[in-house]
Structure formats: structure tokens, C-alpha cells
**Student:** 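My questions will all concern the structure given below.
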Amino acid sequence: RPPRSTLFPYTTLFRSKQRKSIVGLDIGSSCIKAVELTRDKYDHVITGYAQIDVHHEASRQEAIAELMAAAKFRTKRIATAVSGKNVVFRYITMPEMNDDKLLQAVRFEADKYIPFDVDDVELGAQKLAGAGDDEASKEMKVLLVAAKKAVVQDHSRMLTELGLQPVCVGVDGFALGNAWELGDLVNPGVQEPGRTVALVDIGATKASINILRDNISCFAREVPIGGQDLTHAIARRLGVEPQQAEELKRDPGDQGAIMQEAIGQTLEDLGNEINLSFDFFENQFDGEVQEVWLTGGTSLLPLLEENFEKIFEKRTKTWNPIEGLKVKSDNVDVEALNQLSPQLAVAVGLAAAS
């Protein structure tokens, strides 16, 4: 049976009273991360975790098989996501209507907004929080998400061939929102009500942005700049091979100043692209982004917070998406989990929402 599509931008967490496990599988371009969440009454417990580097797309399926074998998860149920050039976000204005009619109306209009044939994509749509709420308004702003069916099906087929059970396919950026909501659930009162926050997940080839107000997604976008661009900048500046540049990026040692000089322009380019997203949001909605929370492998880069805080002129911090979650330590490398936790927001969000 094909997995259900969960391309909608916001999914409320279901508080199950029954024990239920699922693995959130974040298939990145250079690293695959997997987090198994088990719901036991009202608790969300991390019962498994693993990640593995992958250097070539051709070896991705083999890497997933190796990861699953090593992790010894209790379930084969998988939630995963698609991203990149095969996923399109559009912000459109439509006549006010009920939610149950929205997707049908969007499908009828979608060919005006997306570069793909409507029959070739999975579609998701949601009215944006705070847009068109005026009773006198006859229009509403809508976020349209389209992902190529072939890509969704390829993900599902690959996992099925590995003996796994794909139960849903989502979108990276919206998984961030689900992880943030889970954090609010397990840490009540920590997230200040009414705050508008930007979640920015910086992977190897892209940055996923999701802006939330009161835990509701208002804006999502992907920027095609990531950690690999920083690695290439270091390689060019120092005249070294990409692998050596990657090692220096992760641990610059006494070459921190040279590395900062090498990546400065690329970081500024990425920061400026993210800032454009903040500007768009602030122009469309009554409010501004107050805090920026960084995740993804590149968020572990030294001085990233400091660089971005200067560019954004906003409070910028690295986000730990597993904070407050219980961990069943007999099957989890707790030290590695805590050390690399900023990389796990997408995987946690996929597992949390499924």
C-alpha cells in the first residue's frame, strides 16, 4: 500500500494512549539521520537513534540498510521527507472558503503557480495563520506545496525494497515545525506565547526555513546554499581537497581565522538569502521574526551563531530538538545523541507528526 502524503505545512501532534513507535528518517545528501520515537501513554521516548555519512547518491540505499541494521529499531514503520528542486512552495491569494474545500480549489488553480503538470505532483495547501482573518476580508493567503509524485514514489519504493514500511512522506521544512511543537509539548512554558520564531535547518546543499507564530507555520522556503558551499570555499581558499576542507570546517583548530576569512562571503550570501525570507514574512504579516533557531549539520560550525546574529540583527541560537524528551538508553548512544542533536530536528519532527 502506498504511503499517505503529508505535504501539509502543519500537523497537530496526536497524543496516543497506546504505545506506538515510528522512525523519522531524514535522508540528507551527505548524512542520513534516523530517530525512533515511541509514544507510551503521554510520553514521547527516544528508543533508537543512528546516523551515517553518505558520499554518493548511488550508495544511499545501501547506507540506509546499514544504518537500519546497526540501529536495531523496534519498528520498521518509517516517516521520511522530500526536499530540494522537486518541491515547490507558493504563496497565493484565494477567495475565503472552508478548509474542506481548499485543496480541491487549489488543485483546480495549481497549474497557474507551479512549473509541473498538476497530475504529476502531490499537493498540499493551508491557509496561513494571521492572513485574511479580518471579518471584512473576502480573501485569504494560502501556502501551496507541490512535490513530484515520482520522487515521493521513489522514496517509498526504495524503503519498501529494504523491507521497511513507509507510512508517510512529508517536507523537511514542515518537519521542523512539528519538532518545535513537540518541544513545546514536553517543555510546557519554555516557549513564550505569542513569539514569532524562525527555524533554519542548514544541511549540506540547502537551508530549510520555517517561520512560526504561536507554533503555527506562516512561511516556508528552501535556499539552495548549504554546508557544501562552505566546504568548497575553504578548499578554494586553502588549495586543499574537499575532504580535507570538510575536516577543517568541522574542526579548524588553530586555523579558525583563515577559515572565517574563507567562508565569510558564502556565509553572508546565505544569511542575506535567509534575511529575504524574514523581509517577505514581515511585509506580508503584522509582526516580525523575534528569534532565529539554527539546526542541521552546518549549525555545528564554530562561530555560526555569532556570524548570523550580526547579519540578522536578531537573537540567534542553536536549537536542541531533543531537549526534554526521555531517552531509553539501553539502545541509544546517549553521548553521540546529545553531541549531534542539532542535526536531528527533521528526523524528530517526522517521527513526531506521524
**Student:** Would you say Asp201 and Thr295 are linked by a side-chain donor-acceptor pair, where the criterion is simply a distance under 3.5 Å?
**Tutor:** yes
**Student:** Taking it one step at a time, do Glu139 and Thr93 satisfy side chain to side chain donor-acceptor pair (under 3.5 Å)?
**Tutor:** CA-CA 7 Å; Glu139 294 184 330; Thr93 300; 5.3 Å; no
**Student:** So that I can tick it off, tell me whether Glu282 and Lys314 are bridged by a salt bridge, with the cut-off set at under 4.0 angstrom between side-chain N and carboxylate O.
**Tutor:** yes
**Student:** Less than 4.0 angstrom from a charged side-chain N to a carboxylate O is my criterion; do Arg221 and Glu273 meet it?
**Tutor:** yes
**Student:** Can a salt bridge be assigned to the pair Lys310 and Glu306 using a cut-off of 4.0 Å between side-chain N and carboxylate O?
**Tutor:** yes
**Student:** Between Phe278 and Phe219, is the ring centre distance below 6.0 Å?
**Tutor:** no
**Student:** Check this for me: does any side-chain nitrogen of one of Glu122 and Lys149 sit under 4.0 Å from a carboxylate oxygen of the other?
**Tutor:** no
**Student:** On a heavy-atom basis, which atom in Ala50 and which in Phe73 lie closest, and how many Å separate them?
**Tutor:** N-CZ, 4.3 Å
**Student:** Can you give me the closest heavy-atom contact between His155 and Ala81, atom names plus distance?
**Tutor:** NE2-O, 3.3 Å
**Student:** Measure from the side-chain N and O atoms of Arg77 to the backbone N and O of Ser21, and report whether any donor-acceptor pair falls under 3.5 Å.
**Tutor:** yes
**Student:** Using only atom types and a distance under 3.5 Å, with no angle test, would you say the side chain of Ser156 pairs donor to acceptor with the backbone of Gln153?
**Tutor:** no
**Student:** Is it the case that Glu36 and Asn331 place a side-chain donor and acceptor less than 3.5 Å from each other?
**Tutor:** no
**Student:** Count the heavy atoms of every other residue, nucleotide or ligand shown that sit under 6.0 Å from CD of Glu313, and state whether that count exceeds 12.
**Tutor:** no
**Student:** Tell me whether Gln290 at atom CD has more than 12 heavy atoms from other residues, nucleotides or ligands lying less than 6.0 Å away.
**Tutor:** yes
**Student:** Donor-acceptor pair, Asn275 side chain versus Ile311 backbone, under 3.5 Å?
**Tutor:** yes
**Student:** Salt bridge check, Lys249 against Glu246: does any charged N sit closer than 4.0 Å to a carboxylate O?
**Tutor:** yes
**Student:** Can a salt bridge be assigned to the pair Arg195 and Asp214 using a cut-off of 4.0 Å between side-chain N and carboxylate O?
**Tutor:** no
**Student:** Should the ring pair Phe174 and Phe89 be called parallel, tilted or perpendicular, given that the plane angle runs from 0 to 90° and is split at 30 and 60?
**Tutor:** perpendicular
**Student:** Report the relative orientation of the aromatic rings in Trp180 and Trp293; use parallel for angles under 30°, tilted for 30 to 60°, perpendicular for over 60°.
**Tutor:** tilted
**Student:** Looking at every non-hydrogen atom in both residues, tell me the closest pair between Ile202 and Gly226 and how far apart they are.
**Tutor:** CG2-CA, 4.3 Å
